[in-house]
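Scroll down for the structure; my scribbles are underneath it.
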Amino acid sequence: MGTTTSCYFLIILALLFFPIASPSATNSFVYGGCSQQKFTPNSPYESNINSLLTSLVNSATYTSYNNFTIMASTPQDVVYGLFQCRGDLSMPDCATCVARAVSQLGSLCSETCGGAIQLQGCFVKYDNTTFLGVEDKSVVLKKCGASIGYDTDAMGVRDAVLSGLGRTGGPYRAGGSGEVQGLAQCVEDLSFGECQDCLSEAISRLKSDCGTAVFGDMFLVKCYARYSTGGAHVYTKNHSDKSINEGEKTFAIIIGLLAGVALIIIFLAFIRKIFEGSGK
């Protein structure tokens, strides 16, 4: 009893003094927007929106992309929606991100017939007009960092990384070289050809509009492309979770040491009982 209590006490101390960092960057806000058209509170359309958003949150627990159409007795009450998580997110992180996005979308677009929100790790959209499978290359967000001045080598690497993202691949693409990171993704309701077309547009705009910026983000309606030089931004989970991985390693080492100490204590107690028994 005493040994067990001591072990739990040591483990609690380890958790207090060596906490594991929690990932929060994936849930941070990037952009959001709402349609101008409003719906009537307590209407069938509001009920359908609630059903749709619930379906999106539930679906995110087992897949990184899905779309739904909630049918109704009248065409104006039909609602369309989808969600998509960044390609490198785990299922728990994806589910957390989508739940956070839906929560923010509810307050951001209260009583509007359509809304969209992009967090760092996921995208959610709904509307009363179908957009599923429709390519849209309209710019919704452009953000460029400070200019670093024209550096032939740095810009050459940046362009090479972006060109790599634009080549054939899946909906999610990440790459880098040296201090340059790149990230791109299409919404998965697009065909392969539409995805290629959308990403080509995003990358082309990124190069021309952000020039020699230290980082650049180009979000179109159905795809985005991003780059960062010199660690100005960290996009991918592999990089952003470095501190988390280090914390997990530290925690694992501590638990291993505690387990070793516990075994030694149990072994010494066992030896002591043997000697005490032989002494009698």
Side-chain angles (χ1 to χ4, degrees), residues 23-34 84-89 97 101 104 108 116-125 131 134-188 190 192-242:
S24 60
T26 55
N27 298 328
S28 60
F29 182 84
V30 177
Y31 72 82
C34 316
Q84 176 166 286
C85 289
R86 204 175 64 203
D88 62 336
L89 260 60
C97 187
Q104 293 187 26
L108 179 69
I117 186 169
Q118 175 78 58
L119 304 186
Q120 291 288 352
C122 62
F123 173 70
V124 174
K125 182 175 181 177
F131 57 89
V134 178
E135 184 181 5
D136 190 339
K137 296 184 288 184
S138 304
V139 177
V140 290
L141 176 69
K142 178 187 76 174
K143 190 174 182 181
C144 304
S147 175
I148 56 176
Y150 193 80
D151 182 323
T152 303
D153 292 336
M155 290 301 98
V157 174
R158 189 276 310 266
D159 290 348
V161 168
L162 290 178
S163 295
L165 297 178
R167 297 192 187 101
T168 57
Y172 172 76
R173 308 171 190 188
S177 177
E179 295 187 337
V180 180
Q181 293 182 52
L183 185 66
Q185 188 166 19
C186 298
V187 180
E188 291 187 44
L190 296 183
F192 174 78
E194 290 169 337
C195 177
Q196 286 295 115
D197 185 50
C198 191
L199 285 182
S200 295
E201 179 72 13
I203 291 170
S204 176
R205 284 179 175 269
L206 196 55
K207 290 179 180 179
S208 61
D209 291 7
C210 288
T212 59
V214 67
F215 73 87
D217 298 336
M218 184 63 64
F219 285 84
L220 310 186
V221 173
K222 282 297 183 77
C223 70
Y224 65 81
R226 317 177 76 178
Y227 77 87
S228 173
T229 64
H233 273 313
V234 177
Y235 297 129
T236 62
K237 186 176 175 63
N238 290 337
H239 291 280
S240 62
D241 285 356
K242 183 178 179 181

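Nearest heavy atoms, G182 versus L165: C-CD1, 3.6 Å. Across all non-hydrogen atoms, the minimal contact from C210 to Y227 is CB-OH, 3.8 Å. The shortest heavy-atom contact between L199 and C223 is N-SG, 3.7 Å. Across all their heavy atoms, K125 and A116 have their closest contact at CG-CB, 3.8 Å. Considering all non-hydrogen atoms of both residues, S177 and V161 come closest at N-CG2, 3.9 Å. Nearest heavy-atom pair across A225 and A202 is CB-CB, 4.0 Å.
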Q.
Evaluate E179 against V157 for side chain to side chain contact (heavy atoms under 4.5 Å, CB included), listing each step before the verdict.
A. CA-CA 9 Å; E179 295 187 337; V157 174; over 6 Å; no

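Under the side-chain hydrogen bond (donor to acceptor under 3.5 Å, both in side chains) criterion, K222 pairs with D189, not counting sequence neighbours. For E194, the side-chain contact (heavy atoms from CB on, under 4.5 Å) partners two or more places apart in sequence, or in a different chain, are E135, L190, S191. Listed by chain and number, the residues in a side-chain contact (heavy atoms from CB on, under 4.5 Å) with V140 are Y31, F219, V221 (sequence neighbours excluded). With sequence neighbours excluded, no residue satisfies side-chain hydrogen bond (donor to acceptor under 3.5 Å, both in side chains) with E188. Scored by the ring-ring contact (aromatic ring centres under 6.0 Å, His included) test, F123 finds no partners at all (sequence neighbours excluded). Under the side-chain hydrogen bond (donor to acceptor under 3.5 Å, both in side chains) criterion, S163 pairs with K207, sequence neighbours left out. The side-chain contact (heavy atoms from CB on, under 4.5 Å) search around C34 returns L108, C109, T112, not counting sequence neighbours. For E201, the salt bridge (charged side-chain N to carboxylate O under 4.0 Å, His left out) partners are R205, not counting sequence neighbours. A154 pairs by the side-chain contact (heavy atoms from CB on, under 4.5 Å) definition with D151, not counting sequence neighbours. Evaluation of the salt bridge (charged side-chain N to carboxylate O under 4.0 Å, His left out) rule for R173 yields no partner, not counting sequence neighbours. Here D209 pairs with K142 under the salt bridge (charged side-chain N to carboxylate O under 4.0 Å, His left out) rule; sequence neighbours left out. In this structure T168 satisfies the side-chain hydrogen bond (donor to acceptor under 3.5 Å, both in side chains) test with no other residue, sequence neighbours excluded.
Sparse packing is recorded around NZ of K143, with 12 or fewer heavy atoms of other residues, nucleotides or ligands lying under 6.0 Å away.
The distance from atom OH of Y172 to atom SG of C85, rounded to the nearest 0.5 Å, is 12.0 Å. Separating the CD atom in Q185 from the SG atom in C195 is a distance of 9.0 Å, to the nearest 0.5 Å. Distance check: R226 CZ to I203 CD1 gives 14.0 Å after rounding to the nearest 0.5 Å.
At least one side-chain heavy atom of C198 sits less than 4.5 Å from a side-chain heavy atom of L220.
Of the listed residues (Q120, Q118, Q104), just one forms a side-chain contact (heavy atoms from CB on, under 4.5 Å) with F29, and that residue is Q104.
Judged by distance alone, with hydrogens and angles left aside, the side-chain atoms of T229 form a donor-acceptor pair with the main-chain N or O of V214 at under 3.5 Å. With hydrogens and angles disregarded, no donor-acceptor distance shorter than 3.5 Å links the side chain of Q181 to the backbone of A174.
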